[in-house]
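A short write-up of the structure that comes next.
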Amino acid sequence: MAYVVTQPCCADASCVLACPVNCIHPAPGEPGFAEAEMVYIDPRSCVGCGACATACPVDAIKPDTALAPDQQVFAAMNAEYYDVFSHPDRTPLAVVGKQRRLLGDRGEGEVAVAVVGAGPAGLYTADELLKHPEVRVDVLDRLPTPYGLLRAGVAPDHQHTKQAERLFGQIESQPGFRYLLGAEVGRDLLHEELTARYDAVVYAVGASTDRRLGIDGEDLAGSVSATDLVGWYNGHPDHQDLGLDLSHERVVVVGNGNVALDAARILTAAPERLVGTDIARPAYEAIASSGVREVVVLGRRGPAQAAFTVPELVGLVGLADAGEIDVVVETNGAGLGESQTERLLADLAARTPRPGLRRIVLRFLTVPVRVLGEGGRVTGLEVARTRLEADADGVWRAVVTDETEVLATGTVLRSVGYRARPVPGLPFDEAVGTVPHERGRVEPGTYVVGWIKRGPTGFLGTNKSDAAETVTSILDDLDAGTARRRGTTERADDLPALLRSRGVAAHGRRGWRAIDAEERRRGEAEGRPRSKITTRPELDEVAAGAKRPRRYAGLVRG
Ligand code: NAP
């Protein structure tokens, strides 16, 4: 028996470290790890011990004897990875999570680190830092809830991925970990106020806004960004006033990355597929009564350049096989080659749509030209056909032709990538939308990790190796003495009082646990994992009502 990595591999490589025979690749440090859509188990070397399955935070690893029919394709994909790539120079085991540098041995006392942003990148960073017993980590977030895009980005029908909550729950329970939730750096606290109190400040603030299309009509009512839509169906308190009109038959999504596929799946989902998830209730009701029959997903380049990943496409094939939706492929004249993506698309293209089913149309070689509207609302999208041309670096680019048509629609969803906002007090590269850094170091004492560091790419688990790199830079600077608090006696313990004096009621782990328990309680009554609280005042109220232990002494650690 061999184990198989299936959907929803998070690529954090926990399994790689757990494997006693080094049969899971690509491993951190090996070519292709950072871009890998998933990791793969070599069926010929796997000894079937199951250590990887135990280590996997999202339950994506199964014995090949226990694969469901729609998971069989992953057995072939795992094996094929080793047939296609030979890796003679594989490093034995990469170092993620293995280093242990004992700062305390040098008598330097406690090290205090602030991590700004409680999403996956921030929590993996805290975890990496807390491997050193002398380090204390305060994790701040502007929201009263942690977990960032795990809570507010991962699609509600991907509950397996959301199981990473268990891992984050373990991270936040470690000694030396403290939350300050509900405090926004740059508004409630200044960067300088953090650097005065902490030996190191790490920004893990992600990319909270969307890239623009730059075409006419983009701001009409009914032209919606993926950031807003994803936040809406995931119950993010900042995105509940979306006012989405789903009375039209067709939605057009611009861009064909994984976010576009998430949105297309959710907007074509039958209510039964969503009812048992943690989808926000207003979104559930709107989608359950929606008139949408077709979601057209536009890729400006061809099938071979599609931005979605194979595991996500496999998920769509599974829905089509189960008779839940049709998936229609319109290559627009592009050929279909031999890559896994293209083979799956060819299989879909050969199918005949079934009457009565909602459908997702994957259309290629098409760009939006302008959003059309009447009375301030979207009525259609003018699109143009493209052709591919290789640039000087051999990269295929879409060249717009003058062949245009209008797709009638009431909703245009712009899903062309996220974009970070500048961090007050830090430099910002407007061209790429990231903070300039060297291996996570902005300057000694200030660091970045996650999307604000590398841009909006990669998967949940990509943040683990990313965090390891930034933490190495922090440790190097602490070793060199360049990252220590200098010339100040201010301590982080005064932050809750300082925030209160500014009218900001930040809370800690107890407040978050109260929200979590309340959401689970409401969810249980509705037969689903949780029912999210979606307004800021109610989130704050539930957190504030959390019972304090008798020996309460300020906002104690943990
Ligand atoms: P993405 O993967 O970067 O895809 C962006 C898409 O927008 C591409 O198809 C891109 O086309 C297109 N695009 C960009 N500018 C355009 C323009 N001006 N006109 C037309 N099309 C344009 O971004 P994403 O979907 O937002 O995903 C962000 C990251 O999160 C990705 O790494 C993704 O894999 C990850 N994610 C993962 C999961 C998962 O694992 N389940 C789920 C959601 C997100 P070109 O390729 O031609 O540039």
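Note that ligands are numbered from 1 as they come in the structure, with each ligand's atoms numbered from 1 the same way.
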Please confirm whether the backbone N or O of [Y] pairs with a side-chain atom of [X], one donor and one acceptor, at under 3.5 Å?
{"X": "Thr366", "Y": "Arg363", "result": "no"}
{"X": "Thr409", "Y": "Arg250", "result": "yes"}
{"X": "Ser473", "Y": "Gly440", "result": "no"}

Taking [X] first and then [Y], would you say they form a salt bridge - that is, a charged N and a carboxylate O separated by under 4.0 Å?
{"X": "Arg419", "Y": "Glu430", "value": "yes"}
{"X": "Lys453", "Y": "Glu469", "value": "yes"}
{"X": "Glu249", "Y": "Arg293", "value": "no"}
{"X": "Asp516", "Y": "Arg530", "value": "yes"}
{"X": "Arg358", "Y": "Asp326", "value": "no"}

Between Trp396 and ligand 1, find which residue part has any heavy-atom pair under 4.0 Å and reply side chain, backbone, both or neither.
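For Trp396, no heavy atom sits under 4.0 Å from ligand 1.
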Mind checking whether Val367 contacts ligand 1 via backbone (N, CA, C, O), side chain (CB onward), both or neither, at a 4.0 Å heavy-atom cut-off?
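Answer for Val367: neither.
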Number the atoms of ligand 1 from 1 as they appear, then name those within less than 4.0 Å of a heavy atom of [X], with their elements.
{"X": "Thr457", "result": "32 (O)"}
{"X": "Asp262", "result": "42 (C), 43 (C)"}
{"X": "Asn256", "result": "6 (C), 9 (O)"}
{"X": "Tyr418", "result": "26 (O)"}

So, does Gly458 sit close enough to ligand 1 that a heavy atom of it is under 4.0 Å from the ligand?
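In this structure, Gly458 qualifies as a contact of ligand 1 - some heavy atom is under 4.0 Å.
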To which of [options] does the heavy atom nearest [atom] belong?
{"atom": "atom 18 (N) of ligand 1", "options": "Met38, Arg300, Arg397, Arg414", "result": "Arg300"}
{"atom": "atom 47 (O) of ligand 1", "options": "Arg301, Glu37, Arg419", "result": "Arg301"}
{"atom": "atom 2 (O) of ligand 1", "options": "Pro456, Ala306, Gly257", "result": "Gly257"}

N/O of [X] under 3.5 Å from N/O of ligand 1, yes or no?
{"X": "Trp451", "value": "no"}
{"X": "Val259", "value": "yes"}
{"X": "Asn258", "value": "yes"}
{"X": "Thr309", "value": "no"}

Distance from [atom] to nearest protein heavy atom, with residue and atom:
{"atom": "atom 8 (C) of ligand 1", "value": "Ala307 CB, 3.6 Å"}
{"atom": "atom 7 (O) of ligand 1", "value": "Val416 CA, 3.2 Å"}
{"atom": "atom 23 (O) of ligand 1", "value": "Gly417 CA, 4.0 Å"}
{"atom": "atom 41 (N) of ligand 1", "value": "Glu312 OE2, 3.0 Å"}
{"atom": "atom 40 (O) of ligand 1", "value": "Phe459 CD2, 3.4 Å"}
{"atom": "atom 12 (C) of ligand 1", "value": "Gly255 CA, 3.9 Å"}

Any side-chain heavy-atom pair from His160 and Val58 closer than 4.5 angstrom?
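They are not in side-chain contact.
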For the residue pair His25 and Tyr82, does the interplanar ring angle fall in the parallel (under 30°), tilted (30 to 60°) or perpendicular (over 60°) class?
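Answer is perpendicular, since the angle exceeds 60°.
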Just wondering, are more than 12 heavy atoms of other shown residues or ligands nearer than 6.0 Å to CG in Asp216?
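No, not enclosed.
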Go through the steps for Asp64 and Tyr3 under the test side chain to side chain donor-acceptor pair (under 3.5 Å), then give the verdict.
CA-CA 6 Å; Asp64 57 7; Tyr3 279 77; over 6 Å; no
